[in-house]
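The next block holds one structure in the form of structure tokens; read it before the comments.
Indexing begins at 1, ligand by ligand and atom by atom, following the structure's order.
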Amino acid sequence: MEISSLIIKAKKWLDQNEVIAIPTETVYGLAASIYSKKAIESIYSIKNRPSTNPLIVHIKSERELYKYAQNLPIKAKILAKTFWPGPLTLVLPKTDLIPNYITANNDTVAIRVPNHSLTLELLSDLEYPLAAPSANPSNRISSTTTKHVEKYFKGVLPFVLDGGDCSKGLESTIVGFENGEPIIYRLGALTIEHIELVVGKVQVKSTLKDSEIPMSPGMFNKHYAPKTPFYVVDEVMEFLETTTAKTIVYIGHQLNIEHRKIKHQFLLSENGNMEEMASNLYKILLKADALESDVIVTTWFENKNLGMSINDRLKRASAK
Ligand code: TXA
Ligand code: MG
């Protein structure tokens, strides 16, 4: 179908208070008008998401930010200007244009401009922003292809806007502010190193260890999980020798290994490219999970740049 007719179709469903799937550069989202209480309620029930977990609002341009958020710290303005459209979500005090049912009654709103041409075109044709959590049942791995969305929500959604595979493949980085200073609440596709280049040193509070009360419910440890028991280790050979599991799926970063217990193996990137590894991570985790082996195993990344965001997801996916 032509792009313009896809957009018209998507808009038609959204205008009728329906929930559809939309592509973004990070992961697919389950989208609805922020002004359709009925559609927002369906998002929560389709995902089986606790009503206390607020949604991200997707807007068409940085200019729109000032309609929906207020009292912006200067560093929020700089971050929005530098990284939007892109994989950065800002948590800011909301204006009255954001209904309370979007933010789970918080007085802050999480907001971003996604960097995907189809979705940007759709947003510019709509009279309202879109609330969109990742297109997966609560606590499961996010969808980075339409195939994943269709597998999770077969027969449930009237329409999936097909924008191809998500280029980043990891959720957006979420940044909030305390006393005007940026704090990373969720590591993601935009690296800390990139953020620090424009606003200086930032703090990370993305694990329960760092704060008593999770600022962002995505911070609950168990998240993004496959059904198969999943292990992340330092030394894979040692794991293979000591485990009692009989069938093992191995996810390698760049190189294959030989071992009698390995039933199947996947590589994140043959040339060791970090962006490629990040964008393949969920796809490969879902494929590995589908093999229904006794365990899936992979190794930790060096804890910097995208490796830090990938390690964060590996930690949650393997949390017991
Ligand atoms: O990349 C992404 O961010 C994707 C795409 C679709 O944009 N969306 C996404 O949404 O990952 P979701 O709902 O799966 O994760 C949003 C996270 C949740 O952990 C939620 O708790 C947090 O953002 N969040 C939303 N509003 C918040 C707020 N006002 N304060 C703190 N955290 C908030
Ligand atoms: Mg999610």
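With 3.5 Å as the limit, one finds no donor-acceptor pair spanning the side chains of Thr24 and Thr119. Side-chain polar atoms of Tyr128 and Asp15 form a donor-acceptor pair below 3.5 angstrom.
Of all the heavy atoms of Thr103, none lies under 4.0 Å from any atom of ligand 1, so neither backbone nor side chain is involved. With a heavy-atom cut-off of 4.0 Å, His116 does not touch ligand 1 at all. Contacts between Thr108 and ligand 1, counted as non-hydrogen atom pairs separated by less than 4.0 Å, involve both the backbone and the side chain.
Against a heavy-atom cut-off of under 4.0 Å, Ile174 is close to the following atoms of ligand 1: 17 (C), 22 (C), 23 (O). Per-residue contacts place Gly29 under 4.0 angstrom from the following atoms of ligand 1 (heavy atoms of the residue considered): 6 (C). Every atom of ligand 1 is numbered from 1 in the order shown, and the set under 4.0 Å from a heavy atom of Ser172 is 1 (O), 2 (C), 3 (O). Near Glu171, meaning under 4.0 Å from one of its heavy atoms, ligand 1 places the atoms 1 (O), 11 (O). For ligand 1, the atoms lying closer than 4.0 Å to a non-hydrogen atom of Thr26 are 1 (O), 2 (C), 4 (C), 5 (C). Near Ala132, meaning under 4.0 Å from one of its heavy atoms, ligand 1 places the atoms 6 (C), 8 (N), 10 (O). Proximity to Pro133 (heavy-atom distance under 4.0 Å) selects the following atoms of ligand 1: 10 (O), 12 (P), 13 (O). Atoms of ligand 1 lying under 4.0 Å from at least one heavy atom of His58, given by number and element, are 5 (C), 6 (C), 7 (O).
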Could you go through Val91 and Phe177, starting from their C-alpha distance and side-chain angles, then the distance that decides it, and tell me whether this counts as side chain to side chain contact (heavy atoms under 4.5 Å, CB included)? CA-CA 7 Å; Val91 176; Phe177 296 85; over 6 Å; no

I'd like to know whether Lys81 forms a salt bridge (Lys or Arg N to Asp or Glu O under 4.0 Å) with Glu62, so could you lay out the CA-CA distance, the side-chain angles of the two residues, the decisive distance to 0.1 Å, and finally the verdict. CA-CA 7 Å; Lys81 215 170 190 58; Glu62 184 225 337; 3.6 Å; yes

List the steps and the verdict of side chain to side chain contact (heavy atoms under 4.5 Å, CB included) for Lys11 and Leu122. CA-CA 7 Å; Lys11 176 169 163 28; Leu122 172 63; 4.3 Å; yes

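Cluster membership check: Val113 shares its hydrophobic cluster with Val27, using side-chain heavy-atom separations under 4.5 Å among Ile, Leu, Val, Met, Phe, Trp and Tyr.
Across Leu30, Asn53, Asn105, heavy-atom proximity to atom 18 (C) of ligand 1 is greatest for Asn53.
A ring-centre distance under 6.0 Å is found for His253 and Phe301.
Side chain of Asp289 to main chain of Thr228: a donor-acceptor pair is present (N/O by atom type, distance under 3.5 Å, no hydrogens or angles).
The Mg ion (ligand 2) has an N, O or S atom of Ser134 inside 2.8 Å of it.
Classification of the Tyr231-Phe239 ring pair by plane angle, with boundaries at 30° and 60°, yields tilted.
Salt bridge absent: Glu121 and Lys60 never bring a charged side-chain N and a carboxylate O closer than 4.0 Å.
At a 3.5 angstrom cut-off on N or O pairs, Arg186 counts as close to ligand 1. At least one N or O atom of Arg112 sits closer than 3.5 Å to an N or O atom of ligand 1.
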